[in-house]
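Nothing fancy with the numbering, it's 1 onward along the sequence. Indexing begins at 1, ligand by ligand and atom by atom, following the structure's order. Worth saying up front: this structure is predicted, and the values here are computed from it rather than measured. Just so it is clear, the values below take in all heavy atoms, side chains as well, and ignore hydrogens, waters and symmetry mates.
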Amino acid sequence: MTDATTLTIDLDAIAENYRTLAAIAAPAACGAVVKADAYGLGVGPVAKTLRTEGCGSFFVATPSEGRFLRGALGEQDTEIFILNGPTPGANADAEFREERLIPALNSLAQLSQWKESGGGPAAIALDTGMARLGLSEREVRALASDSGLLEGIDVSLVFSHLACAEESDNPMNADQRARFDRLRADLPAARASLANSGGVFLGTEFAYDLVRPGAALFGVSEATGATEKLRQVVRLQGKILQVRDVDTDMTVGYGAKGFARRGARLATVDVGYADGYLRSLSERGHAYFGETHVPLSGRVSMDLTVFDVSDVPPPGPTAGDTIDLISDTHGVDALATEAGTIGYEILTSLGSRYRREYVGGPDNIERTAR
Ligand SMILES: *Cc1c(COP(=O)(O)O)cnc(C)c1O
């Protein structure tokens, strides 16, 4: 038995979201972005589930994420791309080759680093409008005019990243697509990839050979501009530590920002901002007790949050009961809206304090993890 709050992750829901996205993107292949520990949900069980669904191309941010993923998959033939590319100054040989990780080459410097450490399979990233990572137009021209620069490098993918993919009517999308086509025409022929989750929903002209969704796999709909219904993947249940019947009008929590009238009933729950239950939910968030919508009272504190459960029909909650902080009825998108952020940040903030419990998915996974 454990005193930890439970974060339940529905692997069957992830599998179904993968099938939904793969069907939209077909005939393009559907990869998966599982950086940041699969958006906080646990890369081992998540990647194994996606592999079982036929996903053959994974993307993570760093070489250490890639090594961990390779170990979790326990096989060598799945593609693992490292979006940040070789770490400047590090030994790319040791970082990448042992685990057959494929770097994204984001600059001429990374390109020559990869070449000097022996070359081989790599992805080339093109900047088409984010000014974050990727080769600029000028760098692509340099490559096109000096074929020696790419010698020994086996370009297995050319990709770029959309800035406004969740806004289907934003002209930036078509601009980036046109720039992508122009730049890639100057490079060796290779598979092409442009679409993140939002890009998948923009239409097949954005799918190219391979799509790279992350957030939509994990049930983020609003911030990805999803046009198909996605399944909710995460359920977060807090435990009620104490129930208080308010006998005189009083304030609630830090800053005395909340207010409870005489006769109100408050429940104190064992989740706070240290658990990724964002402080910006203060005085704005909601949860559910059974079918009843219960408002957050006062500020979220580090380890505790107070909900006004006055509207719950008798007998009402008691200490030890659970309250649904994230659920099918009040999902990641709804919580994100209340917190003034996007579902991506809700998922990746969910702290390491929870006991994670996996339901569904393939047989060969650990069902619980801290
Ligand atoms: C994170 C990331 C993705 C996945 O984005 P989502 O919006 O979560 O689908 C795809 N490509 C790149 C380069 C990324 O950094």
Side-chain angles (χ1 to χ4, degrees), residues 14 17-18 20-22 24-25 28-41 43 46-47 50 55 57-63 65-66 69 79-85 101-107 110 122-135 156-168 170 172-173 176-177 179-180 183-184 191-203 206-228 230 233-234 332-333 336 341-350:
I14 295 176
N17 291 340
Y18 179 81
T20 300
L21 294 167
I24 298 173
C30 189
V33 180
V34 292
K35 59 196 178 188
D37 199 23
Y39 292 49
L41 303 185
V43 71
V46 168
L50 293 167
C55 179
S57 306
F58 291 89
F59 295 81
V60 293
T62 65
E65 287 183 351
L69 173 58
E79 290 183 313
I80 300 178
F81 292 98
I82 310 300
L83 292 166
N84 291 0
L101 308 177
I102 307 172
L105 304 177
N106 292 289
S107 63
Q110 283 191 333
I124 291 189
L126 302 176
D127 176 30
T128 57
M130 285 199 75
R132 245 177 19 168
L133 291 174
L135 301 183
S156 65
L157 184 72
V158 175
F159 75 98
S160 189
H161 196 43
L162 295 166
C164 308
E166 71 282 10
E167 299 167 14
S168 60
N170 194 316
M172 182 89 180
N173 295 318
Q176 284 194 264
R177 192 161 65 83
R179 182 171 295 192
F180 183 57
L183 293 180
R184 145 183 115 75
R191 285 178 300 161
S193 175
L194 181 59
N196 64 339
S197 297
V200 174
F201 300 114
L202 288 178
F206 285 84
Y208 292 90
D209 300 302
L210 174 67
V211 297
R212 315 183 307 272
L217 295 171
F218 310 123
V220 175
S221 287
E222 254 177 61
T224 61
T227 54
E228 298 268 328
L230 300 174
V233 168
V234 166
V332 166
D333 288 315
T341 184
I342 53 177
Y344 293 68
E345 194 182 23
I346 297 287
L347 289 179
T348 54
S349 299
L350 293 172

Quick one: closest heavy-atom pair of [X] and [Y], and the distance?
{"X": "Gly85", "Y": "Pro103", "answer": "CA-CB, 4.3 Å"}
{"X": "Ile82", "Y": "Pro63", "answer": "CG2-N, 3.5 Å"}
{"X": "Phe201", "Y": "Glu228", "answer": "CE2-N, 4.2 Å"}

Protein heavy-atom partner closest to [atom] - residue, atom, separation in Å:
{"atom": "atom 9 (O) of ligand 1", "value": "Ser197 OG, 2.5 Å"}
{"atom": "atom 15 (O) of ligand 1", "value": "Lys35 NZ, 2.7 Å"}
{"atom": "atom 8 (O) of ligand 1", "value": "Tyr39 OH, 2.5 Å"}
{"atom": "atom 7 (O) of ligand 1", "value": "Tyr344 OH, 2.5 Å"}

Side chains of Leu157 and Ile102: closer than 4.5 Å at any heavy-atom pair? no
Ligand 1 versus [X]: contacting region, heavy-atom distance under 4.0 Å:
{"X": "Leu83", "value": "side chain"}
{"X": "Pro213", "value": "backbone"}
{"X": "His161", "value": "side chain"}

Under 6.0 Å between ring centres, would you say that holds for Tyr208 and Phe180? yes
Whether the Thr128 and Ser160 side chains hold a donor-acceptor pair (N or O, under 3.5 Å, no angle test) is what I'd like checked. yes
Polar atom proximity, Ala215 to ligand 1 (N or O, under 3.5 Å): yes
